[in-house]
K.L.:
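Handing you a structure now.
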Amino acid sequence: MTARRRYWLMKSEPDAFSIDDLQRVGTEPWTGVRNYQARNFMRSMQVGDGVLFYHSNCDVPGIVGIAKVASTPYPDPTQFDRKSDYYDPKATQEQPRWDLVDVSFERKLARTIALEEIRRHADELGEGFALTQRGSRLSVLPVTAAQWKLLLSLE
DNA sequence: GCCAACGTTGGC
DNA sequence: GCCAACGTTGGC
C-alpha cells in the first residue's frame, strides 16, 4: 500500500547545481541539507513524489524545472567526509544526523516561473506556503496538490 | 533554560 | 555587496 503522490519544492543555487546539471547527470543525491526541518521533509519523501526545482540566490529566482524523488531517504554520505564542506563531526555511521533522497530529472519548464510572479499569487497559494512566507529560508518544503497545479499553470 | 553572539540564507 | 531574518551555539 503506497500513499498518494506528494509534492515538494527544492531550492538549489544554480552556480552550485542547476537544473541543467540535473539534466546532464539524470539523478543526483541531494547532499548538503543541514536544516532539521528540511531534513525531516526529506525523511518523509517517497519514490515518485513530484519536485519543483527552484533556483535561488541568482538573477531571477524561481521555479525552473520538474524533478521527482528517485530513492527512499538514506544517510547523506557527506556528513562523514572530513574533506567535505558538509562534514558534521557529531554524525556517526551508527547515528547519522542527516538524510537525503536522490532526485531525478523530469523536464525543464518552458520558462522560469519567477518568485516575483509567484508572489502575485500569494493569496491563492495560502499563508502556509513557506516559499512566499516572510523571512522563510527553508530549502526543502512541501507543496500541496492545489499549489502544484496552480504554480505549473503559470508556465 | 535563557539569550547574546555568530554564521548562513537568499532576495534585492 | 548589503542586510533582514533566521537557526545554532555556548556561556552562564
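Each chain gets a letter, A, B and so on, in the order its sequence line appears, and its residues count up from 1.
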K.L.:
With the side chain of A/R137 defined as its heavy atoms from C-beta on, choose the nearest nucleotide among B/dC12, C/dG10, B/dG7.
P.N.:
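In terms of side-chain proximity for A/R137, the closest of B/dC12, C/dG10, B/dG7 is B/dG7.
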K.L.:
Can you tell me the distance, in whole Å, between the CG atom of A/L138 and the P atom of C/dC6?
P.N.:
12 Å
K.L.:
From NZ of A/K11 over to P of C/dC6, roughly how many Å is that when rounded to an integer?
P.N.:
12 Å
K.L.:
Can you tell which of B/dT8, B/dG11, C/dT8 lies closest to the side chain of A/Y36?
P.N.:
C/dT8
K.L.:
Between A/F17 and A/W30, how do the two ring planes meet: parallel, tilted or perpendicular, split at 30° and 60°?
P.N.:
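A/F17 and A/W30: perpendicular rings.
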K.L.:
Hey, which sits more toward the 5' end of DNA chain C by its nearest nucleotide, A/N57 or A/R97?
P.N.:
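Counting from the 5' end, the first nearest nucleotide belongs to A/N57.
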K.L.:
Please report the distance, rounded to the nearest Å, between CE in A/M10 and P in B/dT9.
P.N.:
15 Å
K.L.:
Would you say the rings of A/F53 and A/W8 are close, in the sense that their centroids are separated by under 6.0 Å?
P.N.:
no
K.L.:
Please tell me which of the listed nucleotides, C/dT8, C/dG10, B/dC12, lies nearest to the side chain of A/R119?
P.N.:
B/dC12
K.L.:
Side chain of A/S56 only, please: which of C/dG10, B/dG11, B/dG7 is the nearest?
P.N.:
B/dG11
K.L.:
Is A/R6 positioned over the aromatic face of A/W148, cation under 6.0 angstrom from the ring centre and no more than 45 degrees off axis?
P.N.:
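Ring-cation test returns no.
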K.L.:
At less than 4.0 Å, is any side-chain N or O atom of A/Y54 found next to OP1 or OP2 of B/dG11? Yes or no.
P.N.:
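So the side-chain polar atoms of A/Y54 do come within 4.0 Å of the phosphate oxygens OP1 or OP2 of B/dG11, strictly under.
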K.L.:
Treating A/Q147 as the side-chain partner and A/L125 as the backbone partner, does any N or O pair qualify as donor plus acceptor under 3.5 Å?
P.N.:
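Judged by distance alone, yes, a pair lies under 3.5 Å.
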